[in-house]
Amino acid sequence: MHEKEFIEICSDKDFWKAVRRNKYVSYKHISDVKKRMVLVKNTYKEIALRTYYPSPPEKYLVSNKGYGVIRVVPALSIKDILVYYYCARKLERYIASNRTDNTFGGWGLSGKLRRAEEQEDKEIKDQIIVLEDQAYIFKSIGSQIFLSSSNALAWFREWNDFTHRLYERCKEEEEGYVAELDIANYYDSIQIDNLIFKIRKVVPPPMNSVVYLLEHFLKFWNRHINFYRQQGSGLPQDIFGECSRILANFYLQDYDKKISRLCSEKGGQYFRYADDQVFFANSKQDLEELIARASSLLMREGLNLNQKKVRIFSTKDFKKYHAFESFKKLTYPKNKYDKAVIGSQIKFFLKNRKNLKKSGVSLLRCLISRIHGQNNRRGIPNLKELKNYLLVDYIPKNSHLSQKDMQKIYDLLNVSEKNKMISIINKNISNSWYTQQLYDIRAFYRTNKIPVREVGKRITKVKNTYQFSK
């Protein structure tokens with residue numbers, strides 16, 4: 001471990017852009033290059049002198065997982081982010097490789113793995129295009145949270161690769177069956193000792209000091225919860241997000257090889273993005289066996305399938321459930337701004353949304369972006385009905401709207417509709433227990449010059465409720 005290399009890695013401009021870009025935590029002095037350099041050098045000195053010790057998170061971001069259950073996202077100190085980032089960058093060449101075909105989400109921070117996956121993907125000609133910066137097909141972000149990234153579009157591209165391969169497979173085997181499943185509490189259940197053991201098997205001896213540093217960080221970063229006890233399981237789903245993603249994806253590589261081989265033996269195919277998995281097979285019986293074998297393999301890793309999220313479809317029903325054909329029509333270059341096509345898909349969404357994945361939220365976001373991209377929105381069929389749905393049903397019940405989502409909807413509305421939307425959001429403010437939602441509302445209000453005093457008061461109240469250090 002050398003000071004020059006540590007400084008070089010931790011001075012990465014993309015890294016600092018990602019840290020500065022996040023809108024949920026304002027880190028002090030990071031815009032000052034000289035002060036950043038002092039921080040990097042002091043961090044290295046602590047590591048070299050063996051005095052480095054992870055700090056408890058500076059704050060926590062709270063979001064709604066559904067039904068009032070909270071997801072708590074820690075905001076690590078800048079020093080700890082530097083250490084975690086350095087370890088991930090040093091180890092990625094060994095752990096962000098050797099992937100199984102049709103598994104995604106493990107691209108390295110330096111982009112080497114991403115280039116390998118692009119090469120593998122050149123054979124697929126019938127691309128489904130990602131719209132702007134949203135991943136629409138199949139579903140929105142899985143169980144992971146990526147509030148920031150050193151490569152802001154990387155995971156969108158990966159998700160698009162994953163979903164269009166599913167679409168291609170559906171076209172090839174229309175008479176088969178599909179199982180969709182994911183891992184329960186994926187990040188929180190990863191066994192740290194097992195993870196470190198796996199890493200040591202693939203990295204050369206000169207990397208031992210980096211592995212020790214990573215292990216030290218992972219076992220002691222969460223002292224607000226664990227006091228001074230070592231943490232036995234769980235990776236931080238922190239605001240930066242990227243380092244845990246690489247480690248979590250690596251953790252499943254042995255499982256990927258085994259379950260992929262089992263699927264092939266059954267004449268099927270295995271796909272995975274992070275903890276979202278899809279099995280294709282010729283019969284329901286084959287799928288049930290594969291799910292049972294997958295459960296057994298995951299248990300050996302300290303993981304379990306989320307039983308409530310396991311679903312089996314015919315291939316035709318799987319295509320309908322994820323509205324693949326609708327996305328295809330909306331993303332096909334000649335149809336991108338065709339009002340008749342947009343109008344027909346609005347009608348399809350309003351009629352079928354209850355039978356689509358997550359009530360069709362991904363298709364809805366796709367439609368909103370397509371409409372938002374129109375220079376002239378007059379004459380779009382069924383637009384009035386869509387706006388009525390947004391104001392009567394969607395916005396009042398949805399606590400996951402990002403600043404960008406709110407802005408796109410707001411831009412589609414006339415003055416009276418905008419006033420109604422703000423009135424609905426104001427009611428949500430007084431009932432919200434989720435700081436992520438409140439931060440997004442505050443940013444949205446500031447952009448549109450709407451007073452933010454009540455939002456700020458609510459943020460203070462909610463933050464005081466979640467005092468994890470007490």
Side-chain angles (χ1 to χ4, degrees), residues 23-24 61-71 131-136 139-141 145 147 323 326 330 342-343 345-374 377 380 382-459 462:
K23 59 188 175 185
Y24 300 105
L61 188 69
V62 179
S63 62
N64 185 7
K65 292 179 66 175
Y67 302 104
V69 178
I70 64 170
R71 172 184 277 125
L131 305 178
E132 298 177 10
D133 59 353
Q134 301 289 350
Y136 297 113
K139 74 171 192 175
S140 53
I141 311 176
I145 293 181
L147 302 176
S326 293
L330 287 167
I342 294 172
Q345 294 311 310
I346 292 174
K347 183 177 180 180
F348 172 84
F349 165 77
L350 293 173
K351 182 180 179 180
N352 297 283
R353 60 183 176 80
K354 292 182 179 179
N355 298 317
L356 300 178
K357 180 80 173 185
K358 290 192 174 181
S359 298
V361 64
S362 295
L363 179 56
L364 175 62
R365 295 172 75 191
C366 176
L367 286 165
I368 290 170
S369 276
R370 275 288 166 256
I371 299 166
H372 193 267
Q374 295 279 350
R377 298 177 189 125
I380 298 178
N382 306 307
L383 179 56
K384 182 178 179 181
E385 289 79 2
L386 180 66
K387 291 198 292 184
N388 184 65
Y389 165 75
L390 291 170
L391 293 171
V392 173
D393 194 5
Y394 184 63
I395 297 175
K397 297 178 182 178
N398 195 305
S399 62
H400 305 283
L401 289 175
S402 68
Q403 175 193 358
K404 190 170 291 185
D405 288 334
M406 286 186 279
Q407 190 63 55
K408 286 184 178 180
I409 294 172
Y410 191 72
D411 291 343
L412 302 183
L413 306 178
N414 61 35
V415 175
S416 62
E417 291 166 340
K418 287 180 177 179
N419 290 335
K420 184 175 182 180
M421 178 177 172
I422 297 304
S423 177
I424 294 169
I425 293 174
N426 283 337
K427 291 179 181 178
N428 285 341
I429 291 170
S430 61
N431 296 318
S432 177
W433 290 100
Y434 315 109
T435 53
Q436 182 181 351
Q437 178 191 26
L438 292 167
Y439 287 137
D440 277 316
I441 290 174
R442 183 168 66 180
F444 166 66
Y445 275 17
R446 283 175 172 166
T447 298
N448 294 281
K449 299 181 180 180
I450 300 168
V452 298
R453 182 178 179 183
E454 293 303 315
V455 189
K457 288 168 62 177
R458 186 65 185 180
I459 288 173
V462 173

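Numbers here simply count residues along the sequence, with the first being 1. Just so you know, these numbers come straight off a predicted model, no measurement behind them.
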Notebook entry, point to check: With respect to Val455, which candidate in Ile429, Ile450, Asp440 satisfies the side-chain contact (heavy atoms from CB on, under 4.5 Å) definition?
Noted result: Ile429

Next item on the list: Indicate yes or no: at least one non-hydrogen side-chain atom of Ile342 is less than 4.5 angstrom from one of Leu383.
Entry: no

Check: How close do His372 and Arg377 get, heavy atom to heavy atom, and via which atoms?
Finding: O-NH2, 3.3 Å

Notebook entry, point to check: For Leu391 and Pro396, which heavy atoms make the closest approach, and how far apart are they?
Noted result: O-CG, 3.5 Å

Notebook entry, point to check: Where do Arg370 and Leu330 come nearest, in terms of heavy atoms and distance?
Noted result: NE-O, 3.1 Å

Checklist line | Residue pair Leu386, Phe349: steps toward the side chain to side chain contact (heavy atoms under 4.5 Å, CB included) verdict | finding: CA-CA 9 Å; Leu386 180 66; Phe349 165 77; 4.2 Å; yes

Checklist line | Pair Asn448, Gln407: side-chain N/O donor-acceptor within cut-off below 3.5 Å | finding: yes

Next item on the list: Determine, stepwise, if the pair Lys387 / Leu413 fulfils side chain to side chain contact (heavy atoms under 4.5 Å, CB included).
Entry: CA-CA 8 Å; Lys387 291 198 292 184; Leu413 306 178; 3.6 Å; yes

Checklist line | Heavy-atom side-chain contact between Tyr394 and Leu401 under 4.5 Å | finding: yes

Notebook entry, point to check: Between the side chain of Thr447 and the main-chain N/O of Ala443, is any donor-acceptor distance below 3.5 Å?
Noted result: yes

Next item on the list: Considering non-hydrogen atoms only, spot the tightest contact between Val452 and Arg442 and give its length.
Entry: CG1-O, 3.9 Å

Notebook entry, point to check: Taking Ser369 for the side chain and Cys366 for the main chain, is one N or O donor matched with an acceptor at less than 3.5 Å?
Noted result: no

Item checked: salt bridge (charged side-chain N to carboxylate O under 4.0 Å, His left out) partners for Lys418, two or more places apart -> none

Margin query: For a side chain to side chain contact (heavy atoms under 4.5 Å, CB included) check, start with the C-alpha distance between Tyr434 and Ile70, then their side-chain angles and the critical distance, and finish with the verdict.
Written below: CA-CA 8 Å; Tyr434 315 109; Ile70 64 170; 3.9 Å; yes

Note to self: One pair to check against side chain to side chain contact (heavy atoms under 4.5 Å, CB included): Phe348 and Leu356. What are the steps and the verdict?
What the structure shows: CA-CA 11 Å; Phe348 172 84; Leu356 300 178; 4.2 Å; yes

Check: Given side chains that start at C-beta, do those of Arg365 and Asp405 come closer than 4.5 Å, heavy atoms only?
Finding: yes

Notebook entry, point to check: Is the shortest distance from a Lys or Arg side-chain nitrogen in Lys420 or Glu417 to a carboxylate oxygen in the other one below 4.0 Å?
Noted result: no

Item checked: Nearest non-hydrogen partners of Val462 and Trp433, listed with the distance -> CG1-O, 3.6 Å

Next item on the list: Specify the closest pair of heavy atoms between Gln437 and Ser432, including all atoms of both residues, with the distance to one decimal.
Entry: OE1-OG, 2.6 Å

Check: Any side-chain heavy atom of Tyr389 sitting closer than 4.5 Å to one from Asn382?
Finding: no

